[in-house]
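The analysis underlying the following values was restricted to heavy atoms, covering all of them including side chains, and did not include hydrogens, waters or symmetry mates. Keep in mind the model is a prediction, meaning the values are calculated, not measured. For reference, positions follow the sequence shown, starting with 1. Counting starts at 1 for both ligands and their atoms, following the listed order.
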Amino acid sequence: MKAPLDVKAIKAEFPILGQEVHGHPLVYLDNAASSQKPRIVLEALVRYYERDHANVHRGIHELSTRATQAYEGARARVARFIGAGAVEEVVFVRGTTEGINLVASAWGPSNLGEGDEILLTVLEHHSNIVPWQLLAQRTGARLKSLDIDDHGRLRLEQLGDLLSERTRLVGVTHVSNALGTVNPVAEIVAAAKRVGATVVVDGAQAAPHLPIDVQALGCDFYAFSGHKMCGPTGIGVLWGRSELLEEMAPYQGGGEMIEIVELERSTYKRAPQKFEAGTPNVADAVGLAVAIDFLEGLGLERIQAHEHDLVSYALERGAQIPGFRDLGPVGDDRAGVLSFELGDIHPHDVAQILDSRGIAVRAGHHCNQPLMQRLGLGATTRASFYLYNDRDDVDALCEGLRAALDFLSGG
Ligand code: PMP
């Protein structure tokens, strides 16, 4: 067994976490929405701008060379992090949303037609639903959806009926942002491949929390966001298999992505430059690479084990609170997300009382409206853990929930 994380030391690396909110020490439990940033990431951004910044891939001068090396170095760092077959398979985008939209726009129209099918799951975030709806409207393809059981696990036994040679694309989230379910992606990919479908994995809630190996998963595209994994906002990754990226049309046109431009036509660079029109987000790519160093330095397996311990502890403590009902699966396939109901108290009221005690959680549909409909709920309260949270934070959460019960049910 690997040594547990030294959470006190880790927390000290995050300047924002040292503050008080509403007169209480901040307890930040909204990590599924966005994580906080360690000092080394903040310093890397300042250092890049203070020493190395210029435009990339263009100028024949020292700063441009340094900026290009930093940017391409960040790409190589990401490639190692996810086990990519080649550095060229890593496309920098704004985040998961843009990565999935890129696939829908650039891969979709030439691979889908009238009557073809796109299979999603009821656990998907809106960013892995709406791009496919737009594509379906453009192409005449149809959307289908894999259901969950009462524990929030995908009903894999439905795959046989849902998948056919009409299925051109399967979109699945690696980890559910609403319930914390860790989906058996490799198994779903294997089933999709038997009917020749292409698989897009939404890794927004997985890349920050567990080791990723895109080749072992067997998928075709994998998207994730820097801001949820200790990196800056505005930078994310779309990984795609080289042969698919090379076949795809450009997503946007402009500088950086072309070979030769004539007034009537242009030729394009190969991937990944083909998909990175315009001046890229160099500084934040550099920040993301440092965030990856930070996470890997601690070890993704250790981070995953730590969060699993926290969620198990939270479930144990939560079970003692009247009216507490967790909505996710209980088992090894559970990430550090705790979505729950508290009697009939509205999640917004729960979140507001927690906020008054300095505890940040999220209340709402979590960009999962189809899932909420499936669960028969309008909203849930969600606490989501990361590497800087500890059992004291869970205790603070549970005390806050008891206070909410006392206050709102007049108990
Ligand atoms: N997918 C999942 C599962 C998410 O949790 C999120 C962020 N809430 C997204 C996609 C979208 O990520 P972003 O807003 O960074 O593009």
Using non-hydrogen atoms of the residue, decide whether Asn128 is closer than 4.0 angstrom to ligand 1. no

Of all protein heavy atoms, the one nearest atom 10 (C) of ligand 1 is Ser127 OG, 3.0 Å

Heavy atoms, side chains only, cut-off 4.5 Å: are His125 and Thr173 in contact? no

The salt bridge (charged side-chain N to carboxylate O under 4.0 Å, His left out) partners of Glu89 (sequence neighbours excluded) come to none

Is it true that Lys11 and Asp392 make a salt bridge, defined as a side-chain N closer than 4.0 Å to a carboxylate O? no

Should Glu72 and Arg75 count as an ion pair when the cut-off is N to O under 4.0 Å? yes

Ion pair present between Arg47 and Asp52, side-chain N to carboxylate O less than 4.0 angstrom? no

Within ligand 1, which atoms have a heavy atom of Ser225 less than 4.0 Å away? 12 (O), 13 (P), 15 (O), 16 (O)

Checking a contact table here: which protein heavy atom is nearest atom 8 (N) of ligand 1, and how many Å away? Lys228 NZ, 2.8 Å

Atom 16 (O) of ligand 1: the protein heavy-atom neighbour that sits closest, reported with distance to 0.1 Å: Thr97 OG1, 2.5 Å

Could you list the atoms of ligand 1 found under 4.0 angstrom from a heavy atom of Ala204? 1 (N), 2 (C), 4 (C), 6 (C), 9 (C), 10 (C)

Identify the closest protein heavy atom to atom 5 (O) of ligand 1: which residue and atom is it, and at what distance? Gln205 NE2, 2.6 Å

Using non-hydrogen atoms of the residue, decide whether Arg94 is closer than 4.0 angstrom to ligand 1. no

Report the nearest protein non-hydrogen atom to atom 3 (C) of ligand 1: residue, atom name, distance rounded to 0.1 Å. Asp202 OD2, 3.5 Å

Would you say Lys8 and Asp390 make side-chain contact, with heavy atoms under 4.5 Å? yes

Under 4.0 Å between a Lys/Arg side-chain N and an Asp/Glu carboxylate O for Lys144 and Glu117? yes

Starting from atom 4 (C) of ligand 1, locate the nearest protein heavy atom and write down its residue, its atom name and how far away it is, to 0.1 Å. His125 CD2, 3.3 Å

Only heavy atoms of Thr173, strictly under 4.0 Å: list the atoms of ligand 1 that pass. 3 (C)

If we set the cut-off at 4.0 Å for heavy atoms, which region of Glu98 has an atom near ligand 1: side chain, backbone, both, or neither? neither

Do NZ/NE/NH1/NH2 and the carboxylate oxygens of Arg155 and Asp149 come within less than 4.0 Å? no

Between Lys193 and Asp220 (salt bridge meaning N to carboxylate O under 4.0 Å), is one present in this structure? yes

Going by the 4.0 angstrom heavy-atom rule, the piece of Thr96 near ligand 1 is both

